[in-house]
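Below: one structure, written as structure tokens.
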Amino acid sequence: MNRKGIALVATLALMVVIALLVFGTFFTTQIELWTTRNDTTSVQAFYAAEAGLQKYKAALFQQYVWREQQGGTGGGSGCFTSLARGLDLDRDGTLTPFVNNRLVLAQDEVVTDANGNPVGRYTVTLYKDAEDGQLFTLVSEGTSGGAKARVQATFRISNSDYLEQAIFAGAGQANRWLNGGATIRGGVYVVGSPNDPDQYVIEANGNFALYNWYDLTTYSEVTNRVEPSYRQVQDLCASLRVQYGKISVGGSTQIGEPNNKVKGVFVGRGAQDITGENVGVCQNNKGVCTEAMGGFDLSDPPPFPTLDAKLDSEACKGYSTWRACLQGKAALRIQRIGNVLSVASPSDATLPSPCLQAMESGTLTLDTQSVDCTFTRLDGSQGGFRYTYTGDKKSGQGLLEVFGDVVLEGIDVVLNRPVDYRAQSGSTKSATLAVLKLNGNGGNLDINGNLLPDATFGLFPNHALGFLAEGDIYQRGQYVMAPLYAGGTFRVVKDNVLFGSVISNQFCTTSAGNQTQCNAGQKAEVVYIRIPKENRPVLLPSLRGGKPVFQVLSYERR
């Protein structure tokens, strides 16, 4: 037997084994290095994508806040936001529009580490919902060393300013003011009392309904008073918000519908402040048909506006109080102190003597007698207001013309007949008629007949007269089309409808036209018609830029 041959074979076999071990170790190490490198680049790609998402999420919200602060950002009849027409990230007045509901915000932007070394790139695209003007999705795609990652988030961008709701209420409940047949088409916002978070501000146990749509073709008497694009709206972006207080949902109450949900129900401390349960619909949400539900969600909520607090609107920002703003901005201001009436401003205005005589009693009643309270300004234009009655005493019609904003102090106003109005301030077809208290007198408005815009002069909402009462507003007329403010209570008689919006400390329905109490359980309706910003009566409550709301609805990583 050749020992040298065996040794050679054994040596070669050992070398093969060692080689295999070395190669295996090398291969395993390389795999681990490749895996580590792949993990590193994947993580870097993700962080690049996340960086793009976070950067442009912040830019999107800042763009919205800035655009809202500019004012005059237009409007739409339904779910609207100023971003729907495009973005102006350079803030130079040039909008970059969406193309097929898509807008590329960043293309291969570089992401660097702390030392300035590039670690990845991202491309960010913004998509807007084709049907919902407040719904946007940001998609950020990151790359690094061949690895790819994608993150996306969907946002609802809206404004919770006063005139963005069907009803903006202070105290809210007035004898269980929504317990019964009231129908609200649009959003509801209730401030409530911070001292009584257990108070029911809405106790809806009857046929109360909060809907996210309206169809004005069912109101044949008023359809032709409204701009065609505002006559039917299938999505009002309606939400229900209660800052302090609880709501009860029972009986046949409907808050949203299964096929047309409200955008959100945000009440007090959350689900514990939503009691009762409607039957038959949306059982997983206590019978509330909503896309989102939870506690009150605004970190800097708007307060209920009062005359002796500062109103931080564009028109009133230079005045210490809203009352001072109204007095200082009025084109015509009349005061009644005791039984003496005088023109407080402008000092050079000369009014026809029957004008002041019509208010001597402390109540200006616009009925079958015409009243002229106009004057000629230095530039030749008219200021003040004029009421003209035509027809017989039973079936006649009144025309109320308001030239600039008018403030009456210490006087109540009663509209006893069906009235068409014309409002004009400079080049805009809008104005405000305000009635304020003075020494405890006046400040109330009664509307006893239809009150609608004169369609021959302009259609609502591009033609709007705002009514402001420091005290109460009582709607006995069947149809009223205007934005209203009542520092006390807004009452509406059963079967009557307000088209526009109402800001009031309390809201209630009554069973008859001579009631001074709020007897809930009556069928009445508020239909929210959004007024474009550039045509809103400037002395009605508003906040510079409003109260922007930026809600993150979803986040995905791929």
Side-chain angles (χ1 to χ4, degrees), residues 160-162 164-211 238-256 262-278 285-290 292-298 301-306 472-473 484-492 498 501-510 517-522 524-526 528 541 547:
S160 59
D161 204 355
Y162 300 117
E164 300 290 347
Q165 328 286 333
I167 300 174
F168 190 103
Q173 180 175 344
N175 295 347
R176 298 178 181 178
W177 55 278
L178 292 179
N179 173 30
T183 297
I184 313 300
R185 299 181 183 274
V188 175
Y189 187 114
V190 182
V191 176
S193 172
N195 298 320
D196 192 2
D198 291 321
Q199 178 194 29
Y200 279 95
V201 297
I202 298 176
E203 193 160 7
N205 296 318
N207 295 320
F208 167 69
L210 175 64
Y211 293 132
S239 291
L240 170 61
R241 282 188 170 93
V242 176
Q243 187 175 355
Y244 303 106
K246 303 169 71 173
I247 68 170
S248 175
V249 181
S252 300
T253 295
Q254 281 188 281
I255 296 180
V262 297
K263 303 305 179 185
V265 175
F266 309 107
V267 179
R269 297 157 295 192
Q272 70 183 80
D273 287 335
I274 303 173
T275 65
E277 184 171 334
N278 187 16
N285 276 340
K286 297 187 175 182
V288 177
C289 298
T290 177
M293 190 165 84
F296 185 76
D297 61 331
L298 304 185
F304 181 76
T306 57
D472 301 331
I473 295 179
L484 306 179
Y485 169 87
T489 300
F490 171 73
R491 295 180 175 86
V492 56
L498 169 69
S501 58
V502 58
I503 305 166
S504 64
N505 191 38
Q506 293 185 329
F507 173 99
C508 74
T509 61
T510 62
Q517 300 299 316
C518 291
N519 297 319
Q522 308 305 322
E525 195 163 351
V526 176
Y528 174 62
K547 289 294 181 181

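Within the 4.5 Å cutoff, no side-chain heavy atoms of S248 are placed close to those of I202. Side-chain contact between I503 and L484 is absent, with no heavy-atom pair separated by less than 4.5 Å. Between I255 and L240 there is a side-chain heavy-atom pair separated by less than 4.5 Å. Inter-residue side-chain proximity for I274 and K246 is flagged as unmet; no heavy-atom pair is nearer than 4.5 Å. Taking the side chain as every heavy atom from C-beta outward, L298 and R241 approach each other to under 4.5 Å. At least one side-chain heavy atom of Y485 sits under 4.5 Å from a side-chain heavy atom of P541.
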(request) Dump the intermediate steps for side-chain contact (heavy atoms from CB on, under 4.5 Å) on I247 and V242, then the final yes or no. (result) CA-CA 8 Å; I247 68 170; V242 176; 3.9 Å; yes
(request) Determine, step by step, whether Q243 and V267 satisfy the side-chain contact (heavy atoms from CB on, under 4.5 Å) criterion, reporting the C-alpha distance in whole Å, the side-chain angles of both residues, the deciding distance to 0.1 Å, and the verdict. (result) CA-CA 6 Å; Q243 187 175 355; V267 179; over 6 Å; no
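Remark: the backbone N or O of K547 is paired with a side-chain donor or acceptor of S160 at under 3.5 angstrom. Proximity of a side-chain donor or acceptor of N505 to a complementary backbone N or O of T489 within less than 3.5 Å is not detected. Judged by distance alone, with hydrogens and angles left aside, the side-chain atoms of Y211 form no donor-acceptor pair with the main-chain N or O of A238 at under 3.5 Å.
In this structure, OG in S504 is found 10.5 Å from CZ in R491, a value given to the nearest 0.5 Å.
Applying the ring-ring contact (aromatic ring centres under 6.0 Å, His included) test to Y162 and every residue at least two apart in sequence or in another chain returns F168. Taking P197 as the reference, R269 meet the side-chain contact (heavy atoms from CB on, under 4.5 Å) condition, with sequence neighbours excluded. Residues satisfying the salt bridge (Lys or Arg N to Asp or Glu O under 4.0 Å) test with D161, not counting sequence neighbours, are none. For F490, the ring-ring contact (aromatic ring centres under 6.0 Å, His included) partners at least two apart in sequence or on another chain are F507. Listed by chain and residue number, D132, D235, E291 satisfy the salt bridge (Lys or Arg N to Asp or Glu O under 4.0 Å) test with K263 (two or more places apart in sequence, or in another chain).
When all heavy atoms of V492 and A524 are compared, the pair lying nearest together is CG1-CB, 3.7 Å. Taking every heavy atom of both residues into account, Y528 and S501 meet most closely at CD1-CB, 3.9 Å.
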Please report, to 0.1 Å, the donor-acceptor pairs under 3.5 Å made by any side chain of residues 182-192, with sequence neighbours excluded.
residue	atom	partner	partner atom	Å
R185	NE	E525	OE2	2.7
R185	NH1	W213	O	3.3

